[in-house]
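Comments concern the structure below.
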There are 2 protein chains.
Amino acid sequence: MLPRDATIGVRTAGMPLPAMAGMGLAGMALVGTTVTLRRDQSLFLAGDAASHVYRVMAGCVRSLALMPDGRRQVAEFHLPGDLLGLDGREAHLLSAEAVGDAILLRFPRRQLEAEAVRDPAAARGLYDLACRSLETAQRRLMVLGRKTAAERLASFLLEMAERTGGDRRFDLPMSRQDIADHLGLTIETVSRVFSQFRRKGLIALPTAQRVELRDHDAVEAASGDCAA
Amino acid sequence: MLPRDATIGVRTAGMPLPAMAGMGLAGMALVGTTVTLRRDQSLFLAGDAASHVYRVMAGCVRSLALMPDGRRQVAEFHLPGDLLGLDGREAHLLSAEAVGDAILLRFPRRQLEAEAVRDPAAARGLYDLACRSLETAQRRLMVLGRKTAAERLASFLLEMAERTGGDRRFDLPMSRQDIADHLGLTIETVSRVFSQFRRKGLIALPTAQRVELRDHDAVEAASGDCAA
DNA sequence: CGGTTTCTTGAGCGCCGTCAAGTAAGGTGG
DNA sequence: CCACCTTACTTGACGGCGCTCAAGAAACCG
């Protein structure tokens, strides 16, 4: 078992305005605290007070729900630049854990919301953020509700390619188990579909983590989406 | 095929402030327009400009995504008092259709957002709204990703019971097909699980639409949730 | 009362989960 | 640098849950 306390290193730092641009909260003068997490360490648990919002600076963080019998559903992978912690207004609905070692910036939610009262642009930024999360979550509903295993993995690979810079080649920071729990599959099925894609020439797998899209159009066709 | 135009009757009306309380936008002096929809008529389509927000006054509205091959995913059922139209900031991500005949109030989104700039309380209301939708969507991820057919239907029945007033008896406004497309199942599986619940004495089904929870605790146990 | 739609039930099958074993990769200590 | 151990990933065999196809029952409606 891992230690409950999430923070290895904490350092308070002024947040330069340009770095906030990606948040759509450029107008806010905020002070963030650096949080360092080791692989699999938890940042917060479902039910914890939703007191902070985080921005991933390096590494990858997963937000997930757990059923009493151990079934896992990874709602989202948060990559560098992404924000997390907006799940739930009072208490977190999801737990958050580092996929690999990760560095984050932490902002008091209270401070953000106070700023939003003073500054309509900041309020708008918070609102946009919530809307964007909502859009992402709703896209996942179709994947989980109606897509086959192959379609799910194809969708996931395309999404990851786009989010990691749009290159044909990229590394998956998360394990097969994490991918399975994100796509509503088992680790074996994920592995089998990876192999199936490789045999068909859709992708290459130099290592288990590294993915190369060899036939982008075919992967898109396999994803089941109309266009993308 | 149904007519594309969604509006049967439209009537402009002042929105009394108390009626907005449920929106968390009590401070906003808004003028809404009444929209009447017939069964299966569409309110807007995915891709349409997200120009309005709606509040269901009577009936039930479903918001859904469609795959090119016809697969459907009903993201949400909106009951009286609920708001919809916040999916997507520019364009709607989902289509919205009346489940049965329905009456809604329509508000220009631009007007809401303009009001949010002037009034921090209104901005907070919009933000809360988006957050609440996000919470709901994330709860659905676990249902679609990790639950069995029986667990999905049990969860759904409990949710509907609560949302329709908390009574043990309630009517389902939507068809088996709608339920199936909401839970990521087929109509046959939904029907079979209904029958299975009836045989086990968990529920009674005076008619296909009417549901009576005969053993609330057993239904909860069947839903797979820790507590509720 | 006939026709249509919706719901239910049954039979068979397929996708994916389960169980199990094997292989590769990574980390540690000698 | 290598032996060893651990962990992660892959692959195979098999079974079950839920889908498909099909028919029958019930409700709804003109």
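When all heavy atoms are compared, the tightest approach of Arg163(B) to Asp82(B) is NH2-OD2, 2.6 Å.
One interatomic measurement links the two molecules: CZ of Arg210(A) to P of dC9(D), which rounds to 16 Å at whole-angstrom precision. Between Met174(A) atom CE and dC9(D) atom C1' the separation is 16 Å, expressed in whole Å. Computed from coordinates, the Ile203(A) CD1 to dC9(D) C1' distance equals 14 Å when rounded to whole Å. The CD atom of Gln177(A) sits 13 Å away from the C1' atom of dT18(C) (whole-angstrom rounding). In this entry the distance linking CG of Leu172(A) with C1' of dT10(D) reads 16 Å, nearest Å. Between Phe194(A) atom CZ and dT23(C) atom C1' the separation is 18 Å, expressed in whole Å. One atom, CG of Leu144(B), and another, P of dC16(C), lie 16 Å apart when rounded to the nearest Å. As a whole-Å value, the separation of Arg198(B) CZ from dT8(C) C1' is 9 Å.
Note that the two end axes of the helix from dC1(C)-dG30(D) to dG30(C)-dC1(D) enclose an angle of 40°, each drawn from 5 base pairs, rounded to 10 degrees.
For Ser191(B), counting side-chain heavy atoms from C-beta on, the closest listed nucleotide (dC16(C), dT10(D), dC7(C)) is dC7(C). For Ser195(B), whose side chain is taken as the heavy atoms from C-beta onward, the closest listed nucleotide among dC16(C), dT8(C), dC9(D) is dT8(C). When distances are taken from the side chain of Ile187(B) to each of dC7(C), dG18(D), dC9(D), the shortest belongs to dC7(C). Of the listed nucleotides (dC9(D), dT9(C), dA8(D)), dC9(D) has the atom at the smallest distance from the side chain of Arg176(A). Taking every side-chain heavy atom of Leu185(B) into account, dC19(D) is the closest of dC7(C), dC19(D), dG17(C).
Within 4.0 Å (heavy atoms only), Thr148(A) reaches sugar-phosphate atoms of the nucleic acid but no base atom. Counting any heavy atom pair closer than 4.0 Å across all strands shown, Arg152(B) reaches no nucleic acid atom. Nucleic acid contact class of Gln196(B) (heavy atoms, under 4.0 Å, all strands): none.
Ring centroid separation for the pair Phe77(B) and His182(B) comes in under the 6.0 Å cut-off.
No hydrogens or angles considered: nothing links the side chains of Asp48(B) and His92(B) as a donor-acceptor pair under 3.5 Å. Counted by atom type alone, Thr189(A) and Thr186(A) present one or more donor-acceptor pairs between their side chains at under 3.5 Å.
Cation-pi geometry between Arg176(B) and Phe194(B) is met: under 6.0 angstrom from the ring centre, within 45 degrees of the axis.
By the neighbour-count criterion of 12 heavy atoms within 6.0 Å, atom CZ of Arg89(A) is densely surrounded, having more than that number from other residues, nucleotides or ligands.
Judged by distance alone with a 3.5 Å cut-off, a donor-acceptor contact links the side chain of Glu188(B) to the base of dC21(D). Applying the 3.5 Å distance criterion, the base of dT20(D) shares a donor-acceptor pair with the side chain of Arg192(B).
Residues Val190(A) and Ser175(B) both approach DNA chain C. Their nearest nucleotides, taken by heavy-atom distance, put Ser175(B) toward the 5′ side.
Residue Ser63(A) forms a side-chain hydrogen bond (donor to acceptor under 3.5 Å, both in side chains) with just one option from His78(A), Glu76(A), Glu97(A), and that option is His78(A). Considering Leu144(A), Leu66(A), Leu64(A) as possible partners of Gln73(A), the one that fulfils the side-chain contact (heavy atoms from CB on, under 4.5 Å) test is Leu144(A).
One finds a side-chain N or O of Thr189(A) lying less than 4.0 angstrom from the OP1 or OP2 phosphate oxygen of dG17(C).
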